[in-house]
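For reference, the structure is listed below as structure tokens.
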Amino acid sequence: MEINNIDMELSKFRRICVFCGSSQGKKTSYQDAATELGKELVSRNIDLVYGGGSIGLMGLVSQAVHDGGRHVIGVIPKTLMPRELTGVTPGEVKAVAGMHQRKAEMAKHSDAFIALPGGYGTLEELLEVIAWAQLGIHDKPVGLLNVDGYYNSLLSFIDSAVEEGFISPDARHIIISAPTAMELVKKLEDYVPCHERVASKSNWEMAQLGNTQEFGISR
């Protein structure tokens, strides 16, 4: 029995937050990647936190995790429920007042973040948790699942920002990317922050900035 318990402890993460689109995208590879990410989380005994929708890539990754027997927490603003919830939504659904509370709740329950392909909403969520890491609000790893090079242009832009002096080379390493779920989760496991924080987590909490005291974003 002890051996089985050890075998189940495949990750240092209890839950990973996944940002992704409420659309499926035009390529089947995006859909396949969402399902494979869900299966990878299950194989590592990791639960899912996500945006709560039952459509698009959100629906695929949440269904895969739920079907694998892991817990799913979906956080969704009440205003979006008629649009993004159809049929039976797998797992637990937390309805919140708005987008800011949604992001804070997702961060609160997560040990790491992964972005699948998505649009404006996915990018906004992704860039905010990257900024929080740079500011020192949290030290949780942030990963891009770069399916078929979907995020190549974004990574090139960030590299250009480093070259132009707007992002420090150390802060560039906040973003981890990989083409497959297995490789990405492994990189997240190995992540060690090396950038200089703008302020310490304790200072953010004491000042009660960014809602870290109220929502427990920091780790």
Nearest 0.5 Å, please: how far is [atom2] in [Y] from [atom1] in [X]?
{"X": "S22", "Y": "L57", "atom1": "OG", "atom2": "CG", "answer": "9.0 Å"}
{"X": "E105", "Y": "C17", "atom1": "CD", "atom2": "SG", "answer": "11.5 Å"}
{"X": "Q31", "Y": "Q24", "atom1": "CD", "atom2": "CD", "answer": "4.0 Å"}

Quick check: closest heavy atoms across [X] and [Y], and the distance to 0.1 Å?
{"X": "S62", "Y": "G53", "result": "OG-O, 4.3 Å"}
{"X": "I46", "Y": "S11", "result": "CD1-OG, 3.4 Å"}
{"X": "L60", "Y": "A34", "result": "CB-CB, 4.0 Å"}
{"X": "D111", "Y": "P141", "result": "O-CD, 3.6 Å"}
{"X": "A133", "Y": "I174", "result": "CB-CG2, 3.9 Å"}
{"X": "M99", "Y": "P77", "result": "SD-CG, 3.6 Å"}

If you define the side chain from C-beta out and look only at heavy atoms, does anything of [X] sit under 4.5 Å from [Y]?
{"X": "N146", "Y": "L155", "answer": "yes"}
{"X": "I176", "Y": "L188", "answer": "yes"}
{"X": "M106", "Y": "F113", "answer": "no"}

Tell me whether [X] shares a hydrophobic cluster with [Y], the cluster being built from Ile, Leu, Val, Met, Phe, Trp, Tyr side chains joined at under 4.5 Å.
{"X": "L145", "Y": "Y191", "result": "yes"}
{"X": "L154", "Y": "I167", "result": "yes"}
{"X": "I175", "Y": "V162", "result": "yes"}

Salt bridge (Lys or Arg N to Asp or Glu O under 4.0 Å) against [X], all qualifying residues, sequence neighbours excluded:
{"X": "D159", "result": "R172"}
{"X": "K94", "result": "E92"}
{"X": "E183", "result": "K187"}

By ring-ring contact (aromatic ring centres under 6.0 Å, His included) - contacts of Y151 (at least two apart) =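 Expected list: none.
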Tell me, please, which residues at least two apart from Y30 pass ring-ring contact (aromatic ring centres under 6.0 Å, His included).
->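 Counting only residues at least two positions away or on another chain, Y30 forms a ring-ring contact (aromatic ring centres under 6.0 Å, His included) with Y150.
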Evaluate side chain to side chain contact (heavy atoms under 4.5 Å, CB included) for L37 paired with L184, printing each intermediate quantity in order.
-> CA-CA 9 Å; L37 175 57; L184 182 59; 5.9 Å; no
Any donor-acceptor pair under 3.5 Å linking the side chain of R70 with the backbone of V42?
->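 Checking the backbone N and O of V42 against the side chain of R70, no donor-acceptor pair under 3.5 Å is found.
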Contacts of type side chain to side chain contact (heavy atoms under 4.5 Å, CB included), residue S29, not counting sequence neighbours =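 By the side chain to side chain contact (heavy atoms under 4.5 Å, CB included) rule, S29 matches K27, V147, D148.
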Those residues that, when tested against A95, pass side chain to side chain contact (heavy atoms under 4.5 Å, CB included) (two or more places apart) =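 For A95, the residues satisfying side chain to side chain contact (heavy atoms under 4.5 Å, CB included) (neighbours in sequence not counted) are K78, M81.
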For K186, side-chain hydrogen bond (donor to acceptor under 3.5 Å, both in side chains) partners two or more places apart |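 For K186, the residues satisfying side-chain hydrogen bond (donor to acceptor under 3.5 Å, both in side chains) (neighbours in sequence not counted) are D190.
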In a table with atom names and distances, give each donor-acceptor pair under 3.5 Å that connects a side chain of residues 116-130 to protein atoms at least two apart or in another chain.
| residue | atom | partner | partner atom | Å |
| --- | --- | --- | --- | --- |
| T122 | OG1 | C20 | O | 3.4 |
| E124 | OE1 | K103 | NZ | 3.4 |
| E124 | OE2 | K103 | NZ | 2.4 |
| E128 | OE1 | K103 | NZ | 2.5 |

Which residue pairs satisfy the side-chain hydrogen bond (donor to acceptor under 3.5 Å, both in side chains) criterion with at least one member in residues 32-43, sequence neighbours excluded?
->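 For residues 32-43: E40-R44.
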